[in-house]
There are 2 protein chains.
Amino acid sequence: MHRRDSIPAKPEPGAAAITQLTLTVFRLNGMLLHWGDQVVEPLGLTSARWQMLGALALASTPLTAPQVGEAMGVTRQGAQKQLNLLLEQGLVAARPNPAHMRSPLYALTPQGRTLYQQADALGAAMADELASLIPVANARTAMRTLETMLRQLQIATLSSEVES
Amino acid sequence: MHRRDSIPAKPEPGAAAITQLTLTVFRLNGMLLHWGDQVVEPLGLTSARWQMLGALALASTPLTAPQVGEAMGVTRQGAQKQLNLLLEQGLVAARPNPAHMRSPLYALTPQGRTLYQQADALGAAMADELASLIPVANARTAMRTLETMLRQLQIATLSSEVES
DNA sequence: CGCCACTTGACAACCGGTTGCCACTAATGG
DNA sequence: CCATTAGTGGCAACCGGTTGTCAAGTGGCG
């Protein structure tokens with residue numbers, strides 16, 4: 001908005017850095033998922049289910065499917081799909097929800113908890129390794145930077161989504 | 001848990017920062033795709049096809065499908081799928097490849113090039129906006145940090161993938 | 001020359017995620 | 001008390017990506 005010189009449409013000099021950063025985010029995202037899939041594959045898990053177990057493990061109380069989705073930043077149906085699979089797998093149990101007949105509360109079963117702890121140990125090992133290579137200050141800077149992008153994109157996305 | 005501190009007991013306090021950073025990467029990835037889908041939707045594009053057009057636009061010479069996949073960090077089949085769709089859409093043209101009968105070279109059509117320039121302008125606007133909020137040094141630090149993670153994950157993934 | 005390994009495209013199946021629609025439960029207000 | 005609205009799960013369809021399989025083109029090597 002505050003374009004100081006309007007005629008030559010001077011691009012921000014940092015724009016190229018932002019573009020490159022964006023591409024790196026895409027690649028890292030793919031790499032993280034790929035790595036996670038491999039790491040927990042011997043446990044019969046996938047990255048998606050690992051994350052889902054994590055959401056339940058870190059919650060202090062059992063959650064409904066929409067709450068899990070909210071915690072993970074996915075839609076309620078996406079969470080539901082994985083929860084149903086985890087249910088079949090016996091890693092998660094549904095207990096009746098006194099507040100909503102059709103919306104049970106989900107919690108880890110003992111097997112689920114054990115499996116998550118095993119997976120978490122593997123993840124922690126990698127996090128330690130990365131932490132030994134990356135100064136904490138850099139990790140924080142990176143996170144703040146990405147969060148700024150996140151916030152700004154959210155604003156931009158919302159403003160063009162509210163055509164309803 | 002049990003850190004195998006064979007030499008110096010290093011609890012790696014930065015591991016939590018890494019974990020948080022990872023979650024931010026997941027969210028930002030999703031947000032970028034969502035934003036991109038909305039931005040180029042009026043042009044009849046999607047994020048995936050936008051990126052594909054970009055790969056072709058930035059290439060100095062026409063590329064084969066596997067080359068496009070390589071440039072984008074996806075498998076050759078993933079690239080092929082989008083190329084076939086872009087072909088139907090008339091945004092990309094296949095010209096015979098003298099070096100390989102079954103593997104044509106792909107290049108943007110005039111419409112494809114025009115459309116990409118329009119999309120690129122929208123992307124550049126957002127990149128400028130973000131660049132005005134993010135110091136270049138921070139963007140660079142973030143990118144270097146993510147690339148370090150990328151490299152390390154690649155090493156870890158490869159070393160457990162070569163068990164075949 | 002002929003065989004063999006590698007590359008490539010087509011196709012099908014799957015995974016994880018999204019959206020849209022429908023039916024049912026819960027909560028709110030007249 | 002009832003009607004409308006919001007929240008919720010099930011289902012189906014789709015998108016983008018991956019893997020695997022197959023047939024065909026390419027290049028090297030005996």
Side-chain angles (χ1 to χ4, degrees), chain A residues 26-27 29-38 40-41 44-55 62-89 92 94-106 157 161 164, chain B residues 26-27 29-38 40-41 44-53 55 62-89 92 94 96-106 157 161 164:
Chain A
F26 286 146
R27 282 196 135 84
N29 180 78
M31 190 61 70
L32 282 167
L33 292 178
H34 189 214
W35 169 83
D37 279 343
Q38 291 207 327
V40 297
E41 187 271 333
L45 287 177
T46 62
S47 283
R49 296 181 200 181
W50 182 11
Q51 288 180 255
M52 186 81 47
L53 292 181
L63 301 175
T64 66
Q67 285 170 338
V68 175
E70 166 68 18
M72 294 182 51
V74 301
T75 59
R76 63 189 180 82
Q77 295 91 334
Q80 187 81 54
K81 205 187 247 185
Q82 295 302 327
L83 283 172
N84 289 341
L85 294 170
L86 254 8
L87 219 48
E88 288 175 15
Q89 222 172 335
V92 146
R95 55 173 55 186
N97 181 355
H100 200 306
M101 182 178 303
R102 290 188 53 188
S103 194
L105 295 167
Y106 297 92
T157 300
E161 220 170 25
S164 57
Chain B
F26 286 146
R27 283 196 134 83
N29 180 77
M31 190 61 71
L32 283 166
L33 292 178
H34 189 215
W35 169 82
D37 279 343
Q38 291 207 327
V40 297
E41 187 271 334
L45 287 177
T46 62
S47 283
R49 296 181 201 180
W50 182 10
Q51 287 180 256
M52 186 82 46
L53 292 182
L63 302 174
T64 66
Q67 286 170 337
V68 175
E70 166 68 17
M72 294 181 52
V74 301
T75 59
R76 65 189 179 85
Q77 295 90 333
Q80 187 80 56
K81 204 187 250 188
Q82 295 302 326
L83 282 172
N84 288 342
L85 294 170
L86 254 8
L87 217 49
E88 288 175 14
Q89 221 171 337
V92 146
N97 181 355
H100 200 306
M101 182 177 304
R102 291 186 54 187
S103 194
L105 296 166
Y106 296 93
T157 300
E161 220 169 27
S164 57

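These numbers come from a predicted model, not from an experiment. So that the names make sense, note that chain A is the first sequence line, chain B the second, and so on, each numbered from 1.
Going from atom NZ of A:K81 over to atom C1' of C:dG20 covers 14 Å, rounded to whole Å. Computed from coordinates, the B:N84 CG to D:dC15 P distance equals 14 Å when rounded to whole Å. Atom CG in A:L83 sits about 12 Å away from atom C1' in D:dG9, given to the nearest Å. Atom pair A:L33:CG and C:dC15:C1' shows a separation of 11 Å (rounding to whole Å applied). Protein atom CG of B:L85 is 13 Å distant from nucleotide atom C1' of D:dG17, rounded to whole Å. Per the geometry, CG belonging to B:L63 stands 18 Å off P belonging to C:dT7, to the nearest Å. The distance from atom CE of B:M72 to atom C1' of D:dG16 is 10 Å, rounded to the nearest whole Å. Put simply, CG on B:D37 is 10 Å from P on D:dG17, counting in whole angstrom units.
B:E70 CD: 12 or fewer foreign heavy atoms inside a 6.0 Å radius. Enclosure of atom CD in B:Q67 by more than 12 non-hydrogen atoms of other residues, nucleotides or ligands within 6.0 angstrom is indicated.
Residue A:N84 holds its CG atom at 9.5 Å from CD of A:Q82, rounded to the nearest 0.5 Å.
Residue order along DNA chain D, read from the 5' end via each residue's closest nucleotide, puts A:H100 first among A:Q77 and A:H100. Two residues, A:S47 and A:A99, neighbour DNA chain C, and the one matched to the more 5' nucleotide by heavy-atom proximity is A:S47.
The only member of A:T64, A:V68, A:L63, A:L87 that meets side-chain contact (heavy atoms from CB on, under 4.5 Å) when paired with A:Y106 is A:L87.
Listed nucleotides: C:dG17, D:dG25, D:dG16. Nearest to the side chain of B:M101: D:dG25. Which of C:dG17, D:dG16, D:dG9 sits closest to the side chain of B:T46 comes down to D:dG16. You'll find that the side chain of A:T75 is closest to C:dT18, out of C:dT18, C:dG9, D:dG16. The side chain of A:R76 has D:dT8 as its nearest neighbour among C:dT8, D:dT8, D:dG17. Closest to the side chain of B:R49, from the set C:dG9, C:dG17, D:dG16, is D:dG16. For B:Q80, taking side-chain heavy atoms from C-beta onward, the closest of the listed nucleotides D:dG17, C:dG9, D:dG9 is C:dG9.
Neither side chain, B:T46 nor B:D37, offers a donor N or O lying under 3.5 Å from an acceptor on the other.
For B:Q82 and D:dC15, the shortest distance from a side-chain N or O to OP1 or OP2 is not below 4.0 Å.
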